[in-house]
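Below are the structure tokens for one structure; questions will follow.
All of these numbers come straight from a predicted model, not from anything done at the bench.
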Amino acid sequence: MFRHLNNPSHGTTPLQTFILLAGATFLFWEWLKPLPVISTTESITPFLLFFLFAVMVKVLRLPTVLENLLVGFSMIYFFHYLYLGGPFFSWSWVEYLSNDLLYSLQLLWERDFVGHSYYVKTIVFYLLIWGMATYLYRAVVVYRRLFAFFLCTLVYLAILDTFSPMRQDDSIIRTFIVGLVLLAFLEIVKIIQSNRKSIVYRQSFPYKGFVFTLVMILVVSSLGYVAPKAAPNWPDPASFIQSYAEHAAARSNGSGLVQRVGYSDQDEFLGGPFVQDSKIVFKATTPKKHYWRGESKDYYTGHGWINTSKYPERYAPQHFNDFLLHDEFKLYEEEVKIEEIEIDVQMKSRRYSTLFYPGEPTRVHLDPLGEEVQVDRREGHITFWENQEQPNHYSEYQMKSTYPKFQIKALREASMNEVPSEIMNRYTQLPNTLPARVGELAEELTKNDENPYDKVKKIEGFFRRFGYEYETKDVPIPKEGQDYVDQFVFETKRGYCNNFSTSMVVMLRTVGIPARWVKGFTFGEITAQERGVYTTQVRNLNAHSWVEVYFPGSGWVPFEPTKAYDNPYPFEIDRTTPDTSSLPDMTDLEQRLKQDFPDIPERDQEDRDVAGAGSKSKPWYQSKYFTISLSVFFALGVLGVLFYWKKIMISWIIARYRRNQDPQLFLKAYEVMLQLVGKWVVRRDPSQTMREYVVALESRVSQEELRPLTKIFEEMRYGNKKTEEGQLHKAYQLWERVLKKMRS
């Protein structure tokens, strides 16, 4: 039996093991610290605690199955505590998570590596931490090697310091000191172990030498920290690479125009690709999911949007909340059920003076406040100013706002004849240059619908169900004189939220329904949920535009035509009248449209499959369940190989060399066995002979089989007499027993 497997400290004392693991944990902690800044992670505490638990289980040297069960259970528990809530022993969240994991396996099968949910990404991250805990334990306690991880940590921190806004000076110094101290400690431990049986060598730990080494490391590090340093001669590499990438993208696009995603005041010229930007704009706590409204715009020019409200009203900050309380800032009317919610926003990017809000704000407390508030009550644009010329880039605000729930019955019963003339004239405006086929398509889509709500839903569903593609990179800019909507609907058929939302607004206006274009941010990414309150962080890449439609009695109602986005606001269905507007007869509609408008894309294949379900079944090997099952078995196979690769390799070697009991093959088999021992037990020094190496293994490996096996090996390799069949058979038996003990 391999004796080191029964020794929990692998030759180190409990104190030495604790020091080594504490130092390795400190280095791993440096890897986790930047995560709240460079990723969507809110806190690293649960991940660090899980790492400590996984290391502790490794120290206990439990059976492999029990160890995996304990660590796996703790991983699921930490995950449930962080994100799911509710009772732990409940089937509902297990079923939900299982479906999420199965869906991710299907995405992997389809070679989609980015569309996975936040839950699945967290599970994978926990698995990586588990693997890192195993690696560090084996590195520092079993093999007493740490230099590779120490070097990788320094490189990781240096890259962060160079290519991110985070300064890592202190982290690099801490890592440098702790890493050097650990390396020195490891060398002393290895010297003690290698000279354990030496009479001359002192067995006690050389504290004086170690303290001297520690003092020297601290002195040299301190001198390097306080010494004057020359300023960098090269420009900031992060800015240089970013600038180079943007110019390269502009050249490849051919237009010279590459936008960066985010909230912008310039909407007069829409179109063209944009570069993703994951920088956090703000973090917020709110009890409801919603969009963050910035403003709307009323005038469509044929190539973008402008706002015709030239003179916003100005208020002193102390009078602004009075303006909100007196119902002078209205989005919703009497048919809408409203609920007051409280919101807290912390800005991470001090570049905005625009207020982002859900629903109707009723009270706002801003910090810093500034001297003036400008309000465009018609378009809902609220900005804060330090003076009449300088915007106030605030850092945080608290708000009370109304959250709407729309009644589908009231929307269906609304009459466009009751729309105030000011609203009708303003929000049905269209340029004279708009191609007629845009309006003809909208008329054909809605000609069988009797109320404005069904017409709105028909146009909204048209962009979602027909083959329009969501695309951010390969998006052409309209040519001179070409209408932005006409280009998207009939020619390019691909674009992002601006294309979808603008096209819906324009098509609604052609059939006499007042609508406007709205922009702001989506809800963002949920990082926590506690007691019914969401914590979300909103990034530049969450910038978004959508549609608001005016219904008499309800006010301005949001709609979402963009693929891959869902309207976050609730619509209450009248139980006596089912809502079928979102599920029109797509086959009949497609036939009508393709006859009159051959340039529009065909209906999505997914809708065709739903419509044809039952009429023609797919082959069994093309079914979704077969794909999911195959993905599950493949994933389980990969995990099995990862967990049991050592046993699999040894079993393959036994089967490979045992079949043909040949003397020359045995010599090769013996050398392969020693290579495995050197890899997993003690590395062989190049200066050692075979016998010296076997003797040196006495403290780690049982000699019951190894010594007689080595003797037979030497006789077969260096002896002149012919190997007898019985001796060869015995050699293979001893060889196989050694490998099986390694495998166990």
For Tyr143, which residues count as a side-chain hydrogen bond (donor to acceptor under 3.5 Å, both in side chains) partner, sequence neighbours excluded?
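side-chain hydrogen bond (donor to acceptor under 3.5 Å, both in side chains) list for Tyr143, sorted by chain: Arg138.
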Reported CE-to-CG distance for the pair Met56 and Leu62, which is rounded to 0.5 angstrom:
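It comes to 9.0 Å.
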Those residues that, when tested against Glu187, pass salt bridge (Lys or Arg N to Asp or Glu O under 4.0 Å) (two or more places apart)
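Partners of Glu187 under the salt bridge (Lys or Arg N to Asp or Glu O under 4.0 Å) test: Lys190.
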Identify, with sequence neighbours excluded, every residue that meets ring pair (Phe, Tyr, Trp, His ring centres under 6.0 Å) alongside Tyr77.
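Partners of Tyr77 by the ring pair (Phe, Tyr, Trp, His ring centres under 6.0 Å) criterion, ordered by chain and then number, come out as Phe88.
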Set of residues satisfying side-chain hydrogen bond (donor to acceptor under 3.5 Å, both in side chains) with respect to Ser171, sequence neighbours excluded
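Partners of Ser171 by the side-chain hydrogen bond (donor to acceptor under 3.5 Å, both in side chains) criterion, ordered by chain and then number, come out as Glu30, Gln168, Arg174.
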Decide side chain to side chain contact (heavy atoms under 4.5 Å, CB included) for Leu21 and Val141; before the verdict, give the C-alpha distance in whole Å, the side-chain angles of both, and the deciding distance to 0.1 Å.
CA-CA 8 Å; Leu21 291 177; Val141 177; 3.8 Å; yes
Separation between CG of Leu127 and CE of Met75, rounded to the nearest 0.5 Å
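Answer rounded to 0.5 Å: 4.5 Å.
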Kindly write out the residues that satisfy ring pair (Phe, Tyr, Trp, His ring centres under 6.0 Å) with Phe150, not counting sequence neighbours, or none if the list is empty.
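With neighbours one apart ignored, the set is empty.
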Listed once per pair and sorted, the salt bridge (charged side-chain N to carboxylate O under 4.0 Å, His left out) pairs that draw on residues 67-81, sequence neighbours left out:
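Non-adjacent pairs meeting salt bridge (charged side-chain N to carboxylate O under 4.0 Å, His left out): Lys58-Glu67.
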I'd like to check the ring pair (Phe, Tyr, Trp, His ring centres under 6.0 Å) partners of Trp29; sequence neighbours left out, ordered by chain and number.
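Once residues adjacent in sequence are excluded, Trp29 has no partner under the ring pair (Phe, Tyr, Trp, His ring centres under 6.0 Å) criterion.
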Are side-chain heavy atoms of Leu182 and Val140 found at a separation under 4.5 Å?
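Not touching, per the 4.5 Å side-chain cut-off.
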Starting at CG of Leu186, measure out to CD1 of Ile19 and round the result to the nearest 0.5 Å.
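Between Leu186 CG and Ile19 CD1, I get 10.5 Å after rounding to 0.5 Å.
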What is the minimum heavy-atom distance between Val178 and Gly23, and which atoms define it?
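What the structure gives for the nearest pair is CG1-O, 4.2 Å.
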Name all pairs fulfilling the salt bridge (charged side-chain N to carboxylate O under 4.0 Å, His left out) condition that reach into residues 17-28, sequence neighbours left out, sorted by first residue then second.
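Output for this query is empty, none listed.
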Can you check whether Arg539's main-chain N or O pairs, donor with acceptor, with Asn542's side chain at less than 3.5 Å?
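Present.
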Taking the inter-plane angle between the rings of Trp31 and Tyr156 on a 0 to 90° scale, is it parallel (under 30°), tilted (30 to 60°) or perpendicular (over 60°)?
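Geometry flag for Tyr156 against Trp31: parallel rings.
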Do Thr175 and Leu27 make a side-chain contact, defined as non-hydrogen atoms from C-beta onward lying under 4.5 Å apart?
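Yes, side chains in contact.
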Heavy-atom pair with the smallest gap, counting every atom of Pro46 and Tyr126:
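Closest approach of Pro46 to Tyr126, heavy atoms only: CB-OH, 3.6 Å.
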Using the side-chain hydrogen bond (donor to acceptor under 3.5 Å, both in side chains) criterion, which residues pair with Glu671? Sequence neighbours excluded.
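Partners of Glu671 under the side-chain hydrogen bond (donor to acceptor under 3.5 Å, both in side chains) test: Arg717.
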The criterion is side-chain hydrogen bond (donor to acceptor under 3.5 Å, both in side chains); which residues satisfy it with Ser651, sequence neighbours excluded?
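In terms of side-chain hydrogen bond (donor to acceptor under 3.5 Å, both in side chains), with neighbours along the sequence ignored, Ser651 is linked to Arg743.
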Please identify each residue that fulfils side chain to side chain contact (heavy atoms under 4.5 Å, CB included) with Met673, with sequence neighbours left out.
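With sequence neighbours excluded, Met673 shows a side chain to side chain contact (heavy atoms under 4.5 Å, CB included) to Tyr670, Leu706, Leu709, Trp735, Val738, Leu739, given in chain and number order.
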Criterion side chain to side chain contact (heavy atoms under 4.5 Å, CB included) on Leu676 and Ile653, from CA distance to verdict:
CA-CA 10 Å; Leu676 295 180; Ile653 291 174; 3.5 Å; yes
Any side-chain heavy atom of Val71 within less than 4.5 Å of one from Phe50?
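Sidechains of Phe50 and Val71: in contact.
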Can you list everything that forms a ring pair (Phe, Tyr, Trp, His ring centres under 6.0 Å) with Phe28? Sequence neighbours excluded, please.
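Checked Phe28 against ring pair (Phe, Tyr, Trp, His ring centres under 6.0 Å); matches are Phe51.
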Distance check, rounded to the nearest 0.5 Å: Ser74 atom OG versus Leu52 atom CG?
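Rounded to the nearest 0.5 Å, the OG-CG separation comes out at 11.0 Å.
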Begin with the C-alpha distance, continue with both residues' side-chain angles, and end with the deciding distance and a verdict on side chain to side chain contact (heavy atoms under 4.5 Å, CB included) for Ile76 and Ile123.
CA-CA 8 Å; Ile76 297 299; Ile123 289 289; 4.3 Å; yes
